[in-house]
Amino acid sequence: PSQEVTVTAPLFYVDNMPYTQPDCDQIVQCLEERPEFQEPAGCRFAVCLQDTAHWLALCLWLKPLGASVLPIHSGTPYAAARTLAESTGCTYLLFGEQLQEVTPEVIREKAKTACAEGGELIQLSSGTTGNPKTITRPWHDIERELAAYVAQFTEAMSLTPVVACPVTHSYGLICGVLAALQRGIAPQVITNLNPRSILARLRAVPEHLLYASPTLVSLLIRMLPENQRLHSVMLSGAPLPAPVLDQLRNRCLRVCQQYGCSEAGCVALSPDVTEPGQLGLPLSHVSVQAGGSPGQPDEILITVKATGQRIHSRDLGYFDQQGQLHFLARSDDTINVAGINVYPGAVEDVFLGYPGIREAVAFKQPDTFAGERVCLRFVADSEIDTDQLRQWSRGQLSPHQVPSLIEQVESISRLPNGKVSRRLLTESLNHKDQREVPA
């Protein structure tokens, strides 16, 4: 008699290597008899593993057991990982290449660790200051976010997520991996971020949904052969400048944008971005308040329906007549010139349209007469006469938007999370002015 062969479908892929549920069970088998994992509920596990498949297998095992998990980026040195584990009140630290080589290190007593019932995901949000802030989200809150995300993002049902960003971060883990599993699709995680390798993988998966940073997406577009297009790309974080968005839309079938915060996860999503700042419709697990028009923006306020938690985003935005949320600027970054608000993105979009300019950041500086003034730093392919550039901008901008100071620089400094801090640019300029004042 013929024997039936059971084929188990892959749960996920890491660098094109498939991992099934039995594979994941085998990976975590070495932990099942260890005393640290006999009662994982109530424990906080800090995890820093170089093997991404082992991290995902461990996460998927601990989550239903009610354990709390702090994912730490695989490139983090041991001393820094231990410091993170201590500062977030973790019970154990798992640090190493693969699970079978790791001995859980006791960080603090279990009794001293307070965890939400059912366990939680512990995240570190750097914000705009660069200082880590610990945010804990119960797994059951994340389940509600996932249900809302999958229900609203129906365009993704037939697409294969290609996750080219860290799956130790909520963007890659929740939206890239866990949402795919909820749809019954095996996500493809890429750890080799060589652009040519990523483009090869995207060609092998024609109907893809790429999760990646805006910087990486922009690089991929520049390297993409003229006769090729990407399928669908998901962006997260600050909306792209208009020239960059237009370039991306010309090389992709669909550009998507999601918006959120560490405390509530993904808050709004647009499956087809047509203009800068378009964030889409709010997800059903939250209620969102904002301004009523572009001329009357207000702070985006987020309320998590299940808990009543109210979150001040410090972002300025508004709803259009179709109920879509739009982002204008961080409230701290808005420049008040003689009582008129100037939004940095509007200024940056204009200068990015000037031939040769690759990066542009508008920020503010105190001004004795106007209260604040607009400043601009830019990076270009070759040297540009800033006086001519300012004169050109007068035909593109309102008088209060024209920068009083324009500087060409070799590079624009960024925080460890890749974001530009306009506050730090303001401070550096103020310090420079103070140094130049004669004694």
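We use all heavy atoms of the structure for the numbers below, so side chains are in, but hydrogens, waters and symmetry mates are not.
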Which atoms form the tightest heavy-atom contact between S262 and I135, and what is the distance?
CB-CD1, 3.2 Å
Any donor-acceptor pair under 3.5 Å from H208 side chain to L202 backbone
yes
With no hydrogens and no angle check, is any side-chain donor or acceptor of Q296 less than 3.5 Å from a backbone partner on G291?
no
Given side chains that start at C-beta, do those of P297 and Y343 come closer than 4.5 Å, heavy atoms only?
yes
Begin from the C-alpha positions of R314 and D333 and carry the test salt bridge (Lys or Arg N to Asp or Glu O under 4.0 Å) through to its verdict.
CA-CA 10 Å; R314 297 169 69 188; D333 294 336; over 6 Å; no
For the OG atom of S213 and the CG atom of L219, what is their distance to the nearest 0.5 Å?
9.0 Å
Minimum side-chain heavy-atom gap D15-V189 below 4.5 Å
no
Should L121 and I174 be marked as a side-chain contact (heavy atoms from CB on, under 4.5 Å) after you check the CA-CA gap, both sets of side-chain angles, and the distance that decides it?
CA-CA 10 Å; L121 178 67; I174 297 175; 4.0 Å; yes
Is there side-chain contact between L60 and L178, with at least one heavy-atom pair below 4.5 Å?
yes
Under the 3.5 angstrom rule, does the side chain of Q50 hit a backbone N or O of S74 as a donor-acceptor pair?
yes
Should we count CD of Q228 as having more than 12 external heavy atoms under 6.0 Å?
yes
Where do D387 and R390 land on the salt bridge (Lys or Arg N to Asp or Glu O under 4.0 Å) test, with the steps shown first?
CA-CA 5 Å; D387 289 334; R390 181 182 290 103; 3.6 Å; yes
So that I can tick it off, tell me whether R377 and E359 are bridged by a salt bridge, with the cut-off set at under 4.0 angstrom between side-chain N and carboxylate O.
no
For the pair Q401 (side chain) and V342 (backbone), establish whether a donor and an acceptor sit closer than 3.5 Å, ignoring hydrogens and angles.
no
Derivation of the side-chain contact (heavy atoms from CB on, under 4.5 Å) call for V255 and L240
CA-CA 11 Å; V255 178; L240 291 177; 5.7 Å; no
Out of curiosity, N194 CG to L199 CG, how far, rounded to the nearest 0.5 Å?
9.0 Å
According to side-chain hydrogen bond (donor to acceptor under 3.5 Å, both in side chains), does anything in residues 164-179 pair up with another residue at least two apart or in another chain? List the pairs.
Q123-S170
Assess the residue pair V402 and V374 against the criterion (side-chain contact (heavy atoms from CB on, under 4.5 Å)); give the C-alpha distance rounded to whole Å, side-chain angles, the decisive distance to 0.1 Å, and a yes or no.
CA-CA 7 Å; V402 176; V374 181; over 6 Å; no
In the structure I gave you, are the side-chain heavy atoms of T136 and S68 within less than 4.5 Å of one another anywhere?
no
Describe, in one word, how the ring planes of F351 and W392 are oriented to each other, choosing from parallel (under 30°), tilted (30 to 60°) and perpendicular (over 60°).
perpendicular
If I take atom CD from residue Q388 and atom CD1 from residue I406, how far apart are they, to the nearest 0.5 angstrom?
11.5 Å
Answer yes or no: is there a donor N or O on one side and an acceptor on the other, between the side chain of D51 and the main chain of Q98, under 3.5 Å?
no
Separation between CD (Q408) and CG (L376), nearest 0.5 Å, reads 11.0 Å
Would the distance check show the side chain of R183 and the main-chain N or O of S158 forming a donor-acceptor pair, the cut-off being under 3.5 Å?
no
Shortest non-hydrogen contact from V244 toward S218
CG1-OG, 3.8 Å
Starting from the C-alpha separation in whole Å, work towards a yes-or-no answer on side-chain contact (heavy atoms from CB on, under 4.5 Å) for F95 and I72.
CA-CA 9 Å; F95 183 94; I72 300 175; over 6 Å; no
Taking only Lys NZ, Arg NE, NH1 and NH2, and the carboxylate oxygens of Asp or Glu, determine whether E372 and R422 approach each other closer than 4.0 Å.
no
Using side-chain heavy atoms (C-beta onward) and a distance below 4.5 Å, is C252 in contact with I221?
yes
Is D332 salt-bridged to K364, going by a charged N under 4.0 Å from an acidic O?
no
Within the side chain of R108, is there an N or O that forms a donor-acceptor pair under 3.5 Å with the backbone of T91?
no
Do any N or O atoms from the side chain of Q257 and from the backbone of Q278 form a donor-acceptor pair under 3.5 angstrom?
no
State, with a plain yes or no, whether a side-chain heavy atom of W61 is found less than 4.5 Å away from one of I27.
no
Would you call the rings of F45 and Y92 parallel, tilted or perpendicular, where under 30° means parallel and over 60° means perpendicular?
parallel
In plain terms, say whether D141 and R144 are close enough for a salt bridge, that is, a side-chain N and a carboxylate O under 4.0 Å apart.
yes
Rounded to the nearest 0.5 angstrom, the OH-CG distance for Y13 and L56 is 14.5 Å
Looking only at heavy atoms, the pair that brings L316 and E299 closest together is CD2-N, 3.8 Å
Rounded distance [0.5 Å steps], CE in M234 versus OG in S270
8.5 Å
Residue pair E120 / R137, side-chain heavy-atom distance below 4.5 Å
no
Quick one: does S313's side chain have a donor or acceptor within less than 3.5 Å of a partner on I300's backbone?
yes
Taking the side chain as everything from C-beta on, heavy atoms only, tell me whether V163 gets closer than 4.5 Å to F12.
no
Flag, side chain of Y354 to backbone of L389, donor-acceptor distance under 3.5 Å:
no
May I have the step-by-step check of side chain to side chain donor-acceptor pair (under 3.5 Å) for Q258 and Y149, ending in yes or no?
CA-CA 10 Å; Q258 64 182 60; Y149 188 87; 2.7 Å; yes
